[in-house]
Amino acid sequence: MNEYDLAEAFRKIEQELMESMIRNMARHRVEEIGEGYEWSMWQAEMLKSLEKYKRANRRKYGKPFKSINSQITALLREARAEGCMHQEIAILRAIERGWRYPWIPERIQQMMEAVEGADLVQKIPRLIEMLKESRGGGFTGEFFGLNDQKLEALIKATKQDMERAETAILRKANDDYRKAIFNAQVYANTGAGTYEQAVDMATKDMLYRGLNCVEYANGARHTLADYADMAIRTASKRAYLQGEGEIRKEWGIHTVIMNKRGNPCPKCLPFCGKVLIDDVWSGGSADEGPWPLMSRAVEAGLYHPRCRDSHTTYFPGITTADGSWTEEELREIGLSNKREARQQYAERQAEKYGRLARYSLDLENQESYQKKADKWEKAKKSLLDWIGIGKILRDRSKDARVLAKDFYHNLLNVNDDDMYQLLRQSYKRVQFKPSRRHRSYFNRKDKTIYLARNASHETIAHELFHEIDRTYGITESGMLEKEIFMDYARLQRINSRKSLEDVLYLKYPEMFEKSAEELVVKPEYRGISDIIHGMTGGQVNLGYHHAVDYWERPGSLQRETWAQYGRMYYSENKEVLAVLKDIFPETTKEFERIIKAVTK
């Protein structure tokens with residue numbers, strides 16, 4: 001479970017608390033509104049139901065809260081462990097590129113004894129494999145020989161804060177229930193026409209703002225779900241940075257560089273692209289160079305709650321730093337922040353009116369609130385389109401640059417070193433922007449990858465391979481053309497009595513969707529489908545393909561074959577690669593040969 005899942009769990013609990021309250025209100029309906037008519041009896045019944053409501057909630061949510069809190073512990077431990085491993089791998093990669101390390105930690109020296117090779121550089125590929133294998137075995141701080149005291153303090157503080165907030169939401173639900181009981185009669189006495197209208201008036205404020213049980217130091221109040229999203233995400237990031245910092249400290253490097261992204265937080269903008277001495281997590285000091293301290297930057301607002309910025313290790317002589325911004329970039333950042341603030345406001349309004357429409361008892365109120373909710377949903381969608389944020393369907397939306405950063409971060413998990421180096425170098429040569437079309441594509445003129453809303457890490461790998469093709473002139477020089485022709489000729493000879501679709505289905509049934517009436521491959525085999533569609537000039541369609549006229553363009557089949565191979569090799573799905581090699585043996589050999597040739 002991640003921080004988004006935990007926040008969603010709290011959101012569901014809040015909804016259940018309000019639903020239960022409204023159900024009780026609907027169940028104890030007063031048949032006729034009138035001053036003093038049946039209201040004393042109704043209040044007595046409702047107060048009894050309030051006591052049942054309180055007892056039931058304590059019993060019902062005690063176990064879920066304990067379960068969530070235990071998952072917070074696991075999440076923070078995993079975040080710290082991820083930071084340790086990724087930082088260790090990043091340092092080893094830097095040594096490969098020529099960084100001169102002051103010393104080697106004892107742990108790495110012990111690992112080196114089990115690896116063949118004359119020096120550390122030669123042993124690095126195997127050391128990286130060992131680190132990744134240790135992760136699969138559930139490695140902890142003990143593997144890195146680290147002190148867990150700081151992590152335990154972070155876990156304890158986070159869990160205590162969440163426990164206080166969990167108690168607060170139950171108390172807030174009880175208070176709002178009691179308030180609604182007494183306000184309903186007050187509103188009825190002012191002339192509300194029906195019982196439903198009186199209850200809606202009594203519960204309107206609660207439904208509009210939600211169970212905002214957490215009060216910040218500045219007086220702002222937030223719901224438990226919103227607070228959990230902020231607190232757990234912030235703690236998870238700090239645990240990750242803690243893991244990174246501890247590994248840097250072991251290797252004797254304390255400098256970091258703030259990543260320079262397209263839409264930084266306003267508080268973090270002054271530090272983006274600049275080098276800092278990390279005295280917070282890595283144990284650095286002001287004597288180590290002319291750069292400012294991380295602690296001073298944090299005091300000035302860096303790494304505030306909900307911060308999306310991050311840093312990487314600065315290796316002197318290896319890493320380049322550029323903390324300058326053009327006027328155009330600053331203007332665009334300002335506009336992006338304003339647009340994002342408007343979009344978040346529209347999202348909150350849609351959520352508020354959606355609650356009112358869902359829980360109001362009066363039908364006219366339901367219709368009125370639903371119209372407002374729909375209006376704000378439409379505004380939210382138009383603002384998303386205006387901002388150009390690409391939606392990644394994982395509970396929340398991310399922009400193209402954030403997806404690209406995630407892709408770069410996950411490159412560390414690529415097992416093939418040649419593939420890692422090739423994609424990493426290509427990534428450094430391009431920009432990423434949201435696509436205005438329904439598809440993602442690489443623009444050769446401005447060296448930019450435009451990502452559509454449904455883009456994934458595999459999409460980025462595919463488009464990067466188009467850039468690699470362009471940079472090295474691979475398909476323009478005629479590579480892959482002969483091998484593709486040989487493999488297609490071989491496919492045609494397999495069984496001339498049956499269609500190619502039937503031949504593939506009989507030989508590779510695992511490649512196809514079982515429930516499909518037509519022969520359609522599973523999503524992970526989409527690259528094979530597209531290549532076959534191109535080989536046959538659009539005649540064989542297995543579900544994933546380009547437009548037929550696309551294949552009429554010179555070199556299009558070679559270009560797409562190269563990029564589809566890049567997508568599949570990046571994904572490292574063993575079943576897919578086995579089928580790929582069996583269907584296209586000559587093309588596969590040539591692809592692997594080219595990869596090794598361009599990474600020498």
Side-chain angles (χ1 to χ4, degrees), residues 390 400-401 403-408 410-411 414 416 418-484 523-535 538 544-573 576-577 580 584 587-588 590-599:
R401 293 185 183 89
L403 175 61
K405 289 290 183 185
D406 287 346
F407 170 84
Y408 187 72
N410 285 329
L411 270 181
V414 173
D416 187 302
D418 290 336
M419 187 66 60
Y420 167 82
Q421 293 291 356
L422 204 58
L423 285 169
R424 180 183 170 280
Q425 292 164 8
S426 176
Y427 180 95
K428 295 290 187 180
R429 292 192 295 263
V430 301
Q431 299 181 72
F432 293 90
K433 293 181 180 179
S435 174
R436 296 181 180 273
R437 308 179 190 175
H438 294 297
R439 63 179 181 85
S440 302
Y441 62 96
F442 167 62
N443 188 313
R444 294 184 167 203
K445 294 181 180 179
D446 59 8
K447 292 185 178 180
T448 299
I449 291 177
Y450 292 88
L451 296 174
R453 291 185 177 183
N454 62 347
S456 63
H457 288 176
E458 288 76 16
T459 306
I460 293 178
H462 179 98
E463 301 305 333
L464 285 175
F465 264 79
H466 277 306
E467 190 279 335
I468 293 165
D469 183 19
R470 171 69 170 174
T471 299
Y472 293 99
I474 293 167
T475 60
E476 287 181 5
S477 63
M479 294 183 187
L480 294 181
E481 185 174 6
K482 180 179 70 174
E483 289 75 19
I484 291 171
E524 56 266 35
Y525 294 91
R526 62 186 298 164
I528 295 175
S529 171
D530 194 38
I531 293 170
I532 290 174
H533 189 259
M535 281 181 169
Y544 296 90
H545 56 86
H546 280 72
V548 175
D549 59 357
Y550 175 75
W551 304 117
E552 296 174 1
R553 304 174 190 174
S556 58
L557 177 56
Q558 294 94 295
R559 287 193 297 272
E560 286 306 321
T561 298
W562 169 260
Q564 293 292 8
Y565 261 80
R567 176 202 293 269
M568 289 182 278
Y569 269 70
Y570 165 78
S571 299
E572 296 184 323
N573 185 315
V576 173
L577 294 179
L580 182 69
F584 310 124
T587 307
T588 301
E590 180 63 4
F591 174 81
E592 292 180 348
R593 185 196 69 78
I594 296 170
I595 291 293
K596 291 193 177 297
V598 298
T599 52

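From a predicted model like this one, the values you see are computed outputs, not experimental measurements.
- Across all their heavy atoms, Val598 and Leu422 have their closest contact at CG2-CD1, 3.7 Å.
- Of all heavy-atom pairs spanning Ala452 and Ser435, the tightest one is N-CB, 3.8 Å.
- For the side-chain hydrogen bond (donor to acceptor under 3.5 Å, both in side chains) test, no residue two or more places apart in sequence or in another chain qualifies with Ser571.
- Between Tyr550 and His546, the ring planes are parallel. Angles under 30° get that label, and only those over 60° would be called perpendicular.
- No side-chain heavy atom of Gln558 sits under 4.5 Å from any side-chain heavy atom of Asp469.
- In this structure, the separation between OG on Ser529 and CD on Gln564 is 9.0 Å, given to the nearest 0.5 Å.
- Taking CG from Leu403 and NZ from Lys405, the interatomic distance works out to 12.0 Å, rounded to the nearest 0.5 Å.
- A 4.5 Å side-chain heavy-atom check between Val414 and Leu411 finds at least one atom pair inside the cut-off.
- At least one side-chain heavy atom of Ile594 sits under 4.5 Å from a side-chain heavy atom of Trp562.
- For residues 551-561, no residue pair satisfies the salt bridge (charged side-chain N to carboxylate O under 4.0 Å, His left out) rule, not counting sequence neighbours.
- The list of salt bridge (charged side-chain N to carboxylate O under 4.0 Å, His left out) pairs with a residue in residues 418-432, not counting sequence neighbours, reads Asp418-Lys596, Arg429-Glu467.
- Here the CD-CE distance, from Glu481 to Met479, works out to 12.5 Å after rounding to the nearest 0.5 Å.
- Partners of Glu463 by side-chain hydrogen bond (donor to acceptor under 3.5 Å, both in side chains), not counting sequence neighbours: none found.
- Tyr408 places none of its side-chain heavy atoms less than 4.5 Å from the side chain of Leu423.
- Here the side chain of Thr459 pairs a donor or acceptor atom with the backbone of Ser456 at under 3.5 angstrom.
- Here Arg444 contributes atom CZ and Thr471 contributes atom OG1; the two are 9.5 Å apart, rounded to the nearest 0.5 Å.
- A 4.5 Å side-chain heavy-atom check between Tyr565 and Leu580 finds at least one atom pair inside the cut-off.
- The OG1 atom of Thr561 lies 11.0 Å from the CD atom of Glu483; values are rounded to the nearest 0.5 Å.
- Residues meeting the side chain to side chain contact (heavy atoms under 4.5 Å, CB included) test with Arg439, sequence neighbours left out: Arg437, Tyr441.
- Residues passing the ring pair (Phe, Tyr, Trp, His ring centres under 6.0 Å) test with Tyr525, sequence neighbours excluded: none.
- Two residues are said to be in side-chain contact when any heavy atoms from C-beta on lie closer than 4.5 Å; Asn573 and Met568 fail this criterion.
- Under the side-chain hydrogen bond (donor to acceptor under 3.5 Å, both in side chains) criterion, Arg470 pairs with no residue, sequence neighbours left out.
- Remark: Tyr450 pairs with Asp446 by the side-chain hydrogen bond (donor to acceptor under 3.5 Å, both in side chains) rule, at least two apart or across chains.
- Atom-to-atom distance recorded for Ile528:CD1 and Leu577:CG is 8.5 Å, nearest 0.5 angstrom.
- In this structure, Phe584 has no ring pair (Phe, Tyr, Trp, His ring centres under 6.0 Å) partners at least two apart in sequence or on a different chain.
- Partners of Arg526 by side chain to side chain contact (heavy atoms under 4.5 Å, CB included), not counting sequence neighbours, listed by chain and number: Tyr544, Arg567.
- Within the 4.5 Å cutoff, the side chain of Lys447 has no heavy atoms near those of the Gln431 side chain.
- For Asp416, there are no salt bridge (Lys or Arg N to Asp or Glu O under 4.0 Å) partners at least two apart in sequence or on another chain.
- Among all heavy-atom pairs drawn from Ile449 and Ile460, the shortest one is CD1-O, 4.5 Å.
- Taking the six-membered ring wherever Trp is involved, the centroid distance between the rings of Tyr569 and Phe591 falls below 6.0 Å.
- Relative orientation of the Tyr427 and Phe432 rings is tilted, given thresholds of 30° and 60° on the angle between their planes.
- Every residue meeting the side chain to side chain contact (heavy atoms under 4.5 Å, CB included) condition with His545, not counting sequence neighbours, appears here in chain and number order: Asp530, His533, Asn541.
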